[in-house]
Amino acid sequence: MADKVMVDNQAIKKRRSFREWKEDTARRLDIWSRKKPARRKFWLNKTLYLMMIPYLALFFLFTVLPVLMSFFLSFTYFNLLEAPKFIGWSNYLTLLLDDPIFIIAVQNTLIIAIITGPLGYLISFILAWLINELPDKLRAFVTLIFYAPSISGGAITIWSLIFSSDIYGYANAFLIKWGFIREPILWLQTEKYILPIVIIVQLWMSLGVNFLTLIAGLKGVDRSQYEAAAVDGVKNRWQELWYITLPNMRPQLLFSAVLQISSSLGVGAVTTTLAGFPSINYAGHTIVNHLQDYGGQRFEMGYASAIATILFVSAIVLNKLIRKIIGKVGS
Amino acid sequence: MAQAKKAKLTAAEKAQLKEDKKALRNAKRAKSIDSRPFAEISTIKVHRRSKKKKRINRSVGGDLVLFFFLCVAGILSALPLILVINNAFKPLDELFKFPPNIFVRNPTLDNFTDLSVALANSTVPFARYLFNTVMVTILGTVGHVVIASMCAYPLAKYKIPGGNVIFTIIVYSLMFPAAVTSIPNYIIFNWLGLIDNPLALILPMIGSSLGLFLMKQFMSQVPTSYIESAKLDGAGDFKIFWTIVMPLVKPAWITLIILVFQSLWNTQGAMYIYREDFKMVSYALSQIATAGAARSGTLAAVSLIMITVPITMFIISQSSMIETMATSGLKD
């Protein structure tokens with residue numbers, strides 16, 4: 001009995017001492033922070049830093065660290081079995097000067113990106129803008145219809161069904177039925193058709209993350225601004241769009257532009273699903289496909305990392321450019 | 001033309017009258033919707049929602065053209081969804097019919113029974129796969145939304161030393177192709193002992209850059225005066241974040257929930273998880289579907305099932321997304 005009381009007392013003592021310790025440390029840190037303004041600022045905003053730490057730790061561990069590792073790997077020869085061997089710029093030199101398939105991949109990626117990037121962005125915005133005017137219930141439904149292509153990862157397979165090379169493919173079946181062609185076209189095995197089909201499907205897929213973000217962004221635009229603008233002489237919806245909607249949505253526009261860049265330069269899954277891997281004569285080969293080829297099939301991780309780095313750098317350059325353009329919106 | 005204008009005017013006046021009637025009800029509704037501080041803001045929110053019906057600067061011709069455009073685009077993007085639904089109910093002979101039909105003629109549940117037979121034969125009960133996926137999806141989604149928003153708030157609304165650099169790194173990381181980081185990721189997971197652990201799917205998702213970027217962009221629109229006045233009232237940083245900023249950026253996190261949910265729902269996780277009883281639904285279903293042309297029907301059923309949950313989720317969250325006050329009311 002006495003023992004138990006003792007233990008309880010000890011526990012209380014311990015708890016109290018912990019609290020005392022905590023308060024004591026807090027007091028000491030407070031005094032410590034008063035010595036320099038920078039420290040003081042840090043101490044006063046400690047909640048903010050505490051809020052940031054969990055995310056930043058995970059972000060560093062699972063995003064920054066892998067990226068840094070693959071930067072490092074891009075200067076090595078690494079086949080997953082042996083330890084990476086440092087070979088300097090060799091990967092980059094081979095890639096840029098001595099890899100004809102990479103050049104094809106760059107060309108294809110650029111063609112796809114230049115067409116689907118701006119166009120997809122525009123389509124996303126226009127549709128989001130139109131949908132925003134619908135009543136709430138209907139809007140949710142219409143959003144679903146437009147977002148449907150992105151909602152299931154397997155939706156691309158529908159297109160391989162449509163462009164199937166036999167007479168069972170929808171495109172061939174309808175073209176034969178209406179008398180345009182007599183024999184089925186080998187859509188995804190013919191060089192000249194692959195890229196256009198990929199572009200169509202990519203455009204169709206472009207109503208994804210950006211689209212949802214833009215819809216959410218449009219929800220945040222203040223209605224009273226439109227009323228005020230109507231009084232100030234804004235005459236039609238286009239002026240409204242340019243002078244009110246767009247400037248109000250700059251953060252969302254920037255966000256979707258960044259995503260659009262990375263998604264249009266990162267086209268890869270669409271080509272593999274549609275045209276196979278590798279596609280006929282590399283007609284649909286993109287940079288990401290090239291990367292998958294070396295990373296996933298040949299296990300030359302160093303080389304694959306070099307490809308990734310080049311893709312990364314070009315995306316950043318594009319991003320800087322787009323930022324400037326979006327800064328000018330509505331002025 | 002003049003008559004039409006008159007009609008519009010009277011309509012506007014009617015709306016005004018209706019609004020006045022609704023004002024009381026709105027106030028009540030606002031209080032029941034959320035019991036957060038700034039109840040008066042909520043009142044305005046509901047009030048504004050009813051005001052939305054007043055349309056200005058819209059011409060009938062423009063409406064018609066845009067409506068037509070919307071219809072065409074809508075049919076184009078709905079087509080594959082219609083195909084997925086119809087194919088799931090087609091018997092095998094209809095799936096391979098020439099010319100193919102979009103709509104099913106003799107709907108049958110054969111594909112689903114085939115699927116259930118195939119599932120019954122698997123060594124691990126299907127419920128186990130389902131449990132894994134649901135757990136990973138919920139933990140990952142909630143974790144990412146909460147933790148990334150928590151980090152986005154200081155970055156968006158405070159001048160933090162190094163904040164800009166951190167944010168730039170996060171944005172740039174979005175542009176790094178994921179295909180090449182999977183090997184370094186594997187090395188890191190192995191180092192942390194996370195191989196064969198569902199955390200290997202959850203933690204990277206929580207730390208991914210998409211949500212932070214999205215939340216930061218939306219939070220930067222929240223008027224600073226809200227935060228300042230809350231501070232004057234004695235609210236702590238976390239409280240301001242949780243009770244004022246988060247409700248104001250509701251459209252943002254609803255969008256984020258949809259995005260994260262969907263991507264986690266479709267994860268196969270085959271790269272980091274090798275134990276059969278830790279695998280995901282989409283992995284199990286894809287294994288069933290890879291058995292060739294004979295399984296085309298089953299594949300169609302699988303696609304339908306996999307698509308149903310995210311769609312339900314989508315409808316629920318989208319229809320709960322009403323206008324917020326992020327940029328209205330108080331002005332800086």
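Nothing here was measured: the structure is a model prediction, and the numbers come from that model.
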What part of [X] gets closer than 4.5 Å to chain A, counting heavy atoms only: side chain, backbone, both or neither?
{"X": "Phe241(B)", "result": "side chain"}
{"X": "Ile169(B)", "result": "both"}
{"X": "Ile316(B)", "result": "neither"}
{"X": "Ile258(B)", "result": "side chain"}
{"X": "Tyr153(B)", "result": "side chain"}
{"X": "Leu203(B)", "result": "both"}
{"X": "Leu81(B)", "result": "side chain"}
{"X": "Phe176(B)", "result": "both"}

For [X] and [Y], indicate whether the former's side chain and the latter's backbone hold a donor-acceptor pair under 3.5 Å.
{"X": "Ser124(A)", "Y": "Asn210(A)", "result": "no"}
{"X": "Thr109(A)", "Y": "Ile287(A)", "result": "yes"}
{"X": "Gln221(B)", "Y": "Asn248(A)", "result": "yes"}
{"X": "His144(B)", "Y": "Gly211(B)", "result": "yes"}

(request) Could you tell me whether Tyr172(B) atom OH has more than 12 heavy atoms of other residues or ligands within 6.0 Å of it? (result)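 Atom OH in Tyr172(B) is crowded, with more than 12 foreign heavy atoms closer than 6.0 Å.
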
Scored by heavy-atom pairs under 4.5 Å with chain A, the best of Gly143(B), Ala78(B), Pro204(B) is Pro204(B)

Ranked by heavy-atom pairs below 4.5 Å to chain A, first place among Ile311(B), Leu259(B), Leu214(B), Ile166(B) goes to Leu214(B)

Check for me whether the distance between the ring centres of Phe314(B) and Phe261(B) falls short of 6.0 Å.
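Ring-ring flag for Phe314(B)/Phe261(B): false, centres at least 6.0 Å apart.
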
Check your understanding: Can you check whether Trp238(A) and Trp129(A) have ring centres sitting under 6.0 Å from each other?
Key -> yes

Interface residue of largest heavy-atom contact number with chain B, from [options], under 4.5 Å:
{"options": "Gln292(A), Met69(A), Met249(A), Gln239(A)", "value": "Met69(A)"}
{"options": "Val67(A), Thr63(A), Leu318(A), Leu127(A)", "value": "Val67(A)"}
{"options": "Tyr294(A), Phe78(A), Tyr49(A)", "value": "Tyr49(A)"}

Could you pull out all donor-acceptor pairs under 3.5 Å where a side-chain atom in residues 50-60 of chain A meets a protein atom, sequence neighbours excluded?
| from | atom 1 | to | atom 2 | distance (Å) |
| --- | --- | --- | --- | --- |
| Tyr55(A) | OH | Ser208(B) | O | 2.8 |

Problem set entry | Steps toward side-chain contact (heavy atoms from CB on, under 4.5 Å) verdict (Asn132(A), Ile215(A)) | CA-CA 7 Å; Asn132(A) 189 48; Ile215(A) 284 193; 5.6 Å; no

Report which part of [X] has an atom under 4.5 Å of a heavy atom belonging to chain B: side chain, backbone, both, or neither.
{"X": "Lys320(A)", "answer": "side chain"}
{"X": "Leu68(A)", "answer": "neither"}
{"X": "Phe71(A)", "answer": "side chain"}
{"X": "Ile316(A)", "answer": "both"}
{"X": "Val313(A)", "answer": "neither"}

| said: For Ala315(A) versus Ile261(A), what's the shortest heavy-atom pair and its separation? | reply: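 In terms of heavy atoms, the two residues are closest at O-CG2, 4.0 Å.
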
- Qualifying residues under side-chain contact (heavy atoms from CB on, under 4.5 Å), relative to Leu174(B), sequence neighbours excluded: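 side-chain contact (heavy atoms from CB on, under 4.5 Å) list for Leu174(B), sorted by chain: Val258(A), Leu259(A), Ser209(B), Leu210(B), Phe213(B).
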
